[in-house]
Undergrad: 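A single structure is presented below for examination.
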Amino acid sequence: MSCPIPAGFHALPLPIVQLSLAAVLKCGQSFRWSIFPLSSGPVPPSHPTHEYRLCLRDRVVCLRQSPDTLYYSTVLPTRDQHASSTIFEEEKVRKETLDWIRDYFQLDVDLLHLYNDWSQRDPVFKSFRDRFEGIRMLRQDPWENLISFICSSNNNISRITKMVTSLCEHFSPPLLSLPPPELYSDSSASSLLSPPATPLSERPLSQSQQQEDMSTERSLRTYHPFPSPAALASSSVASILRSLGFGYRAEYVQKTAQMLSEAHPPKSEDDDSAERYLRTLRDMSTGEAREALLGFMGVGRKVADCVLLMSLDKKEVVPVDTHVHQIAMRYYGVSSGSKARSNGKIPMTPKIYDQVNAKLAEVWGDYAGWAHSVLFTADLKSFSTYGLDIPTPVPASSVSDLFTGLPTPPITPSPSPTKSRGKRRKAAVLVPETSISAKEESTDEIIQDDSSLSLAERVKKRRRVTILAKR
DNA sequence: CCTCGACCGCCT
DNA sequence: GGCGGTCGAG
């Protein structure tokens, strides 16, 4: 039994092994997708189970997915009351959205090929690949990506999502409103065959239609684009963000926005030169782009690497967090750095960061950052904590469980730290005997001339010098 | 250079 | 106490 195309949607043939929306849109790359279940009960395996929506600058993109097809539709804001869109215009809009989808999901990249390559390179990857199909890197907007990950420090996906949502609602005007998609079970079983009546065509909603929904539908949801740099740049923003629960990240977000929009001021009302500047980092080397990012407030190595990987096309970059560090020590022969805290945790020093980064880049190759994303998503803790619902044939309760039965490297205790404060060290501290390959520093041309640097880059010049001196 | 504590807020 | 860190002082 095949799945009929939902009303208002268009079909793009796409095997689930190439893209799993359920995994990718909730694994902590983007924090702005709305997710709606399409049924309160069981759904035929050939049918989409959820609808996913994202508000862009000028439209809301809606997606559904079955095992072999991606369904997409576009909702535009209300235009002129009397304007009725022509078939030609609708087709243009559809194509724009399709182009956006291809770019955003980087559909030109053959994920199956990558999975095969990683499996060949790495038995660890091979052992769990089947449980986490279709996990690929999004190509996000750099500005949104940067701000979102400034918010991510010392934080969890759940709260980051709330903060980003709040950011959009408070600093960006509403684009349009929509009711949630109709549930399969809301109407008769026939709804399975001809899904929703919700206005999800390329046709703009009529004003009256929106107003009517506004008064009758309590669950109507309003969509806001991501705010512009200028909207977050004023100094008053910081205190507002504080009151919105951003904590110490409030200053980071506002300062970064200010740095960016002062260095790249809008020439006109509708100019986005600051955002355009960030996009130019795609054309720079990884090293150059990283230095530029490190200049912003609240951006350290980890956040910079996330942005490099997730929106600046630096596919080889592997962001290192505590989870990745643990895994690298346990399975990839990276040393613990010989120092453990009294609570058993290993501090993440710049040196360790580079070691982990270099090792995983070596193991996974050109697309190491993409492989990292699969591994990170595979971290069950994220799943259980944030309610992700990716089907996993083998239930596991921790990352370690994912690797049971592997040809894991031999494990030996690491040498006792000189000052262990009498505390027992945890198993996670154990490291394999495998020798750690000397890190091969990658690439990285260095900018010498100050005058060529943006304001953002100059502000943290001291840090830059420090970091550059390491190379 | 490197190490360390503080930092918001929300959750266990 | 912990969290997919970063900053600034020592």
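Sequence lines set the chain letters: A, B, ... in the order given, protein chains first and strands last, and positions in each chain run from 1. Below, each value reflects all heavy atoms present in this structure, side chains not excepted, and no hydrogens, waters or symmetry copies.
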Undergrad: A:V303 near the nucleic acid: base, sugar-phosphate alone, or nothing, with a heavy-atom cut-off under 4.0 Å?
TA: sugar-phosphate
Undergrad: In dot-bracket form, 5' to 3', how is DNA chain B paired? Count Watson-Crick and G-U wobble pairs only if both distances fall under 3.5 Å, and write | where the partner sits on another strand.
TA: .||||||.|||.
Undergrad: Starting at the 5' end of DNA chain C and moving along, which residue's nearest nucleotide shows up first, A:Y252 or A:D321?
TA: A:D321
Undergrad: Using atom C1' of each nucleotide, how far apart are C:dG1 and B:dG5 to the nearest Å?
TA: 16 Å
Undergrad: Starting from P on B:dG5, measure out to CE on A:M348 and report it in whole angstrom.
TA: 17 Å
Undergrad: Taking only residues two or more places apart in sequence, or in another chain, which ones meet A:S148 in a side chain to side chain donor-acceptor pair (under 3.5 Å)?
TA: none
Undergrad: Using whole Å, what does the distance between atom C1' of nucleotide C:dC3 and atom CZ of A:F376 come to?
TA: 11 Å
Undergrad: Is A:R276 atom CZ crowded by more than 12 heavy atoms from other residues, nucleotides or ligands, each under 6.0 Å away?
TA: yes
Undergrad: So, using salt bridge (charged side-chain N to carboxylate O under 4.0 Å, His left out) as the criterion, who are the partners of A:E133 when residues are at least two apart?
TA: none
Undergrad: Distance check needed: C:dT6 C1' versus A:Y353 OH, whole Å only.
TA: 13 Å
Undergrad: For DNA chain B, what residues of residues 304-314 of chain A have any heavy atom nearer than 4.0 Å?
TA: none
Undergrad: Just jot down the ring-ring contact (aromatic ring centres under 6.0 Å, His included) partners of A:Y367, sequence neighbours excluded, or say none.
TA: A:W370
Undergrad: Can you tell me the distance, in whole Å, between the CZ atom of A:R301 and the P atom of C:dC7?
TA: 14 Å
Undergrad: Please list, chain by chain and in numerical order, all residues satisfying salt bridge (charged side-chain N to carboxylate O under 4.0 Å, His left out) with A:R129, sequence neighbours excluded.
TA: none
Undergrad: Name the orientation class of the two ring planes belonging to A:Y104 and A:W100 (parallel below 30°, tilted from 30 to 60°, perpendicular beyond 60°).
TA: parallel
Undergrad: What interatomic distance, in whole Å, is found between P of B:dC8 and the corresponding atom of C:dA9?
TA: 15 Å
Undergrad: With sequence neighbours excluded, what pairs up with A:D103 under the salt bridge (charged side-chain N to carboxylate O under 4.0 Å, His left out) test?
TA: A:R139
Undergrad: Name the orientation class of the two ring planes belonging to A:Y332 and A:W364 (parallel below 30°, tilted from 30 to 60°, perpendicular beyond 60°).
TA: perpendicular
Undergrad: Between P on B:dC2 and CD on A:Q355, what's the gap in Å once rounded to a whole number?
TA: 12 Å
Undergrad: Please identify each residue that fulfils side chain to side chain contact (heavy atoms under 4.5 Å, CB included) with A:P37, with sequence neighbours left out.
TA: A:H50
Undergrad: Show the distances under 3.5 angstrom between N or O atoms of the protein and N or O atoms of nucleotides 8-12 of chain B.
TA:
{"from": "B:dC8", "atom 1": "OP1", "to": "A:R242", "atom 2": "NH2", "distance (Å)": "3.2"}
{"from": "B:dC8", "atom 1": "O5'", "to": "A:R242", "atom 2": "NH1", "distance (Å)": "2.8"}
{"from": "B:dC8", "atom 1": "O4'", "to": "A:Y248", "atom 2": "N", "distance (Å)": "2.9"}
{"from": "B:dC8", "atom 1": "O2", "to": "A:R159", "atom 2": "NH2", "distance (Å)": "3.0"}
{"from": "B:dC8", "atom 1": "O2", "to": "A:R249", "atom 2": "NH1", "distance (Å)": "2.8"}
{"from": "B:dC8", "atom 1": "O2", "to": "A:R249", "atom 2": "NH2", "distance (Å)": "3.2"}
{"from": "B:dC8", "atom 1": "N3", "to": "A:R249", "atom 2": "NH2", "distance (Å)": "3.4"}
{"from": "B:dG9", "atom 1": "O4'", "to": "A:R159", "atom 2": "NH1", "distance (Å)": "3.3"}
{"from": "B:dG9", "atom 1": "N3", "to": "A:R159", "atom 2": "NH2", "distance (Å)": "3.2"}

Undergrad: Mind checking what makes salt bridge (charged side-chain N to carboxylate O under 4.0 Å, His left out) contact with A:R136, not counting sequence neighbours?
TA: none
Undergrad: Could you note down all residue pairs passing side chain to side chain donor-acceptor pair (under 3.5 Å) where residues 236-246 of chain A supplies at least one of them, sequence neighbours left out?
TA: A:S234-A:S236, A:R242-A:E251
Undergrad: What integer distance in Å separates A:I346:CD1 from B:dC4:P?
TA: 13 Å
Undergrad: Can you name the residues that form a ring-ring contact (aromatic ring centres under 6.0 Å, His included) with A:F31, not counting sequence neighbours?
TA: A:F149
Undergrad: Tell me: CG of A:L146 to P of C:dG4, nearest whole Å?
TA: 20 Å
Undergrad: Roughly, in whole Å, what's the span from CG in A:L293 to P in C:dT6?
TA: 11 Å
